[in-house]
Amino acid sequence: MKKLIAPSILSADFTCLREEIKRVEEAGADLIHVDVMDGHFVPNITMGPVVVEAVRNVTSLPVDVHLMVEEPIRYIEDFAAAGADWISVHIEGEKHLERILSRIRSLGKRGGVVYNPATPLDGIEYIMHALDFVLIMTVNPGFGGQELIPSTLEKVKLLKENYRVRERGILIEVDGGVKVENISFVAAYGVDVFVSGTGIFKTKDYKKTIERMRSEIEKSIKN
Ligand code: DX5
Ligand code: ZN
């Protein structure tokens, strides 16, 4: 399967979001990653359905909405209606995860579960039937521009080896601190979807950056 690159607009220039999205689209991005933060689940506040709708209106790429909010069940319909294609929710503190994932699917969207760096995968086998992808946080959520925590990648290995997610058609996404300089190291673990915020938007030439990312990924897969 083609490896997917998902620029996170958290690090885009919001004074010209339309152009920023066009630029990454023309540069070869596969998904647009939108970080939703509520100031409770994480110590930062970012954007909501209004922004997702605006993004939806300027791109034909799938929109990947990463919910870092308390009680995500309250917002699933809103984000689906705003045009999200992929919706992921954190497992931490969530009592009825299976219900949320089923709700996402029932709205015709792809559902994912997210694991913070310190959260183990225990119990994931019981929600596999409701999952389209798993998002492994490679930084503590809340901010762009942080350093990748290598130990989190062990979970990618476990997902492939112990939980056999590939055989079940479940994709593995990583988020946080991914850039040209380390993407081959990350890809070697068997990641399918690479989120990158500052690693793309804080570079000059998005096309060159994404091309370099792809060739680094290729290199690591061949090795
Ligand atoms: C962090 C967000 C990430 C963030 C990634 O909480 O979930 O998507 O935008 O940014 P970088 O790639 O700069 O670490
Ligand atoms: Zn994210």
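In listed order, ligands and their atoms are each counted from 1.
Here M137 contributes atom CE and L148 contributes atom CG; the two are 10.0 Å apart, rounded to the nearest 0.5 Å. A distance of 14.0 Å separates OH in Y75 from CD1 in I87, rounded to the nearest 0.5 Å. The structure places CZ of R56 at 8.0 Å from CG of L61, a figure rounded to the nearest 0.5 Å.
Taking a heavy-atom cut-off of under 4.0 Å, ligand 1 is surrounded by S8, L10, H33, D35, M37, H66, M68, M137, P141, G142, F143, G144, G145, D175, G176, G177, V195, S196, G197, T198.
Counting heavy atoms from C-beta outward, T138 and L153 have side chains that approach closer than 4.5 Å.
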Is there a salt bridge (charged side-chain N to carboxylate O under 4.0 Å, His left out) between E211 and R214 once you walk through the steps?
CA-CA 5 Å; E211 275 169 12; R214 288 205 196 281; over 6 Å; no
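A pairwise comparison of heavy atoms in L107 and A80 identifies CD1-CB, 3.9 Å as the closest pair. Nearest heavy-atom pair, P117 versus K155, reported as atom, atom and distance to 0.1 Å: O-NZ, 3.2 Å.
Near the Zn ion (ligand 2), less than 2.8 Å away, sit the protein N, O or S atoms H33 NE2, D35 OD1, H66 ND1, D175 OD2.
Ion pair K3/E218 not flagged as a salt bridge, since none of the NZ, NE, NH1 or NH2 atoms sits closer than 4.0 Å to an Asp/Glu carboxylate oxygen.
The aromatic rings of H90 and H66 lie parallel to each other, with less than 30° between the two planes, well short of the 60° mark.
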